[in-house]
Visitor: 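Below is the structure I would like to discuss, written out as structure tokens.
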Amino acid sequence: REMVRFSLSKADMKVACAESGRAALDVIARDLRLAGYTGIITDLSQIDFSPLESHDTGCGGQGWFSDLSRPVVAYQGHNPFHGDCIPTANFEAGTDMLVIRRVSENPVTESAAIKNRLYLFGSPHTGTAFAAENDGEIPSSVVESKLPSDAFLLYPLVAHIYHVRPCEDTSKGKPGICDSMDDQVPVLVRERVGLAHPVAEPLVAGIEGLEILAGVDHSNPRDYEVNSYSSPGKVANWERVVSIRISVQVRSFERVFRPPATLEAFSADTGEKVLDGYIRKTFSQTVFLENAALRVSTRPDTLRPGLSENA
């Protein structure tokens, strides 16, 4: 009897791990497919980011959310956004971080603008990034910068940081900080650009490991094919990255004490087997960065094979 109950419990935990792993990959993959999307404007050199130069969202300046020339950047095993952005206690040491930048796929009307939120006011020829000064209003200086003949659309600016946090619930001890009084259930978190500081959105509980590999195009001229995959610390130029391979390690919510759980149970720090009674499994997915490859300019050698300048 005891063995029957144990087997069913272990089977349920395996199913839960699989569901969590797929959910985590799905949410990151969808964001990656939109990485670098800039709406109707395709030439980044024609976007004016100067109105955001004095706008600080707490992560070390505007570059982390506005550098659309590098729509995807990852950091290997460390947290470069510590301090008032992502506290060290809220980062699972030894795991990777992934930053994705783009604009929303859904443009909004001027009346929907929210004070201090970030937007891109863009046309096929030019664009301006700015922070709204008032609700329901585009600053006059931004409107006056457009060409009279251009039709413009207003896009919310999107910037996300994905990372693993050591606890799901941060309310038991110091609010907003993982400490010994919290639940110790690891969770995949998405930090999104906010009004003053990033807003943490817990996405999938049970995710204790995040690993990123970048597919790099070394060809000259570029052909937007992956020549090699590298860990984030070995990528010299993120503008050359055309695909991302995501791996997440999922841990069961409860321990299975008999027998020790060894299902793909490896420490993210040492790579050694972990015999702590948890079931673990790793899931991976590779995503091609469509917007990086479809970016066109006036130079024919920058076009992806099969595309014409009129495509």
Side-chain angles (χ1 to χ4, degrees), residues 31-55 57 61-73 99-110 113 117-132 138-160 193 214-226 235-244 287-311:
D31 210 359
L32 279 171
R33 292 188 184 100
L34 290 167
Y37 177 65
T38 52
I40 57 176
I41 183 170
T42 58
D43 188 349
L44 290 179
S45 67
Q46 298 304 310
I47 299 177
D48 179 13
F49 287 101
S50 62
L52 294 180
E53 287 178 354
S54 61
H55 194 84
T57 62
Q62 61 133 329
W64 86 266
F65 60 80
S66 65
D67 188 3
L68 292 172
S69 65
R70 301 189 306 158
V72 176
V73 176
V99 181
I100 299 175
R101 307 177 180 104
R102 58 183 178 88
V103 302
S104 172
E105 65 273 35
N106 300 311
V108 299
T109 62
E110 180 176 357
R117 289 281 174 87
L118 308 181
Y119 296 92
L120 174 65
F121 189 54
S123 77
H125 305 102
T126 186
T128 302
F130 68 96
I138 300 175
S140 57
S141 58
V142 173
V143 176
E144 291 167 359
S145 67
K146 79 179 187 70
L147 299 175
S149 59
D150 275 346
F152 272 71
L153 291 175
L154 183 64
Y155 299 91
L157 195 61
V158 176
H160 292 147
V193 62
V216 183
D217 172 19
H218 297 291
S219 305
N220 192 16
R222 301 183 188 186
D223 59 10
Y224 296 98
E225 300 292 335
V226 176
V235 177
N237 183 359
W238 282 93
E239 294 182 30
R240 285 276 183 169
V241 172
V242 295
S243 73
I244 293 290
V287 180
F288 184 72
L289 304 181
E290 290 289 347
N291 287 299
L294 294 175
R295 181 82 61 202
V296 299
S297 76
T298 56
R299 300 198 335 264
D301 64 350
T302 65
L303 295 175
R304 186 180 176 191
L307 293 180
S308 70
E309 292 189 55
N310 296 319

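The analysis underlying the following values was restricted to heavy atoms, covering all of them including side chains, and did not include hydrogens, waters or symmetry mates. Since the structure is predicted, the reported quantities are computational estimates derived from the model, not experimental observations.
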Visitor: Using the test ring-ring contact (aromatic ring centres under 6.0 Å, His included), find all partners of Y155 that sit at least two apart in sequence or belong to another chain.
Guide: none

Visitor: Would you check if P107 and L154 make a side-chain contact, meaning some heavy-atom pair closer than 4.5 Å?
Guide: no

Visitor: So how far is it from Y224 OH to S219 OG, rounded to the nearest 0.5 Å?
Guide: 11.0 Å

Visitor: Can you find a heavy atom in the side chain of Y119 that is under 4.5 Å from one in the side chain of V108?
Guide: yes

Visitor: Of all heavy-atom pairs between G215 and V226, which one has the smallest distance, and what is that distance?
Guide: CA-CG1, 3.7 Å

Visitor: Would you give the length of the straight line joining atom CG of L68 to atom OH of Y37, rounded to the nearest 0.5 angstrom?
Guide: 12.5 Å

Visitor: Measure across P71 and A35 and return the closest heavy-atom pair with its distance rounded to 0.1 Å.
Guide: CB-C, 3.9 Å

Visitor: Going by heavy atoms in the side chains, are V158 and L34 under 4.5 Å from each other?
Guide: no

Visitor: Identify, with sequence neighbours excluded, every residue that meets side chain to side chain donor-acceptor pair (under 3.5 Å) alongside Q46.
Guide: none

Visitor: I want to check something: taking the side chain as every heavy atom from C-beta on, are D31 and R102 in contact at a cut-off of under 4.5 Å?
Guide: yes

Visitor: Out of curiosity, F121 CZ to I138 CD1, how far, rounded to the nearest 0.5 Å?
Guide: 4.5 Å

Visitor: So do the side chains of R33 and E105 get within less than 4.5 Å of each other, counting heavy atoms only?
Guide: no

Visitor: Would you say that L157 contacts V193 through its side chain, given a criterion of any heavy-atom pair below 4.5 Å between the two side chains?
Guide: no

Visitor: How long is the gap from CG on N291 to CG on L32, to the nearest 0.5 Å?
Guide: 11.0 Å

Visitor: For a quick test of reading the model, state the closest non-hydrogen atom pair linking T128 to P51 and the distance between them.
Guide: CG2-CG, 3.8 Å

Visitor: Side chains of V143 and F152, heavy atoms from C-beta outward: is any pair under 4.5 Å?
Guide: no

Visitor: From T38 OG1 over to R101 CZ, what is the distance, rounded to the nearest 0.5 angstrom?
Guide: 14.0 Å

Visitor: Taking only residues two or more places apart in sequence, or in another chain, which ones meet R70 in a salt bridge (Lys or Arg N to Asp or Glu O under 4.0 Å)?
Guide: D67

Visitor: Between CZ of F49 and CG of L44, what distance do you get to the nearest 0.5 Å?
Guide: 6.5 Å

Visitor: Could you report the tightest heavy-atom contact between S123 and I40, atom names first, then the distance?
Guide: CA-CD1, 3.5 Å

Visitor: Looking at every heavy atom in both G127 and I41, which two are closest together, and how far apart are they?
Guide: N-CD1, 3.6 Å

Visitor: Closest approach of V216 and H218, non-hydrogen atoms and distance?
Guide: CG1-CE1, 3.5 Å

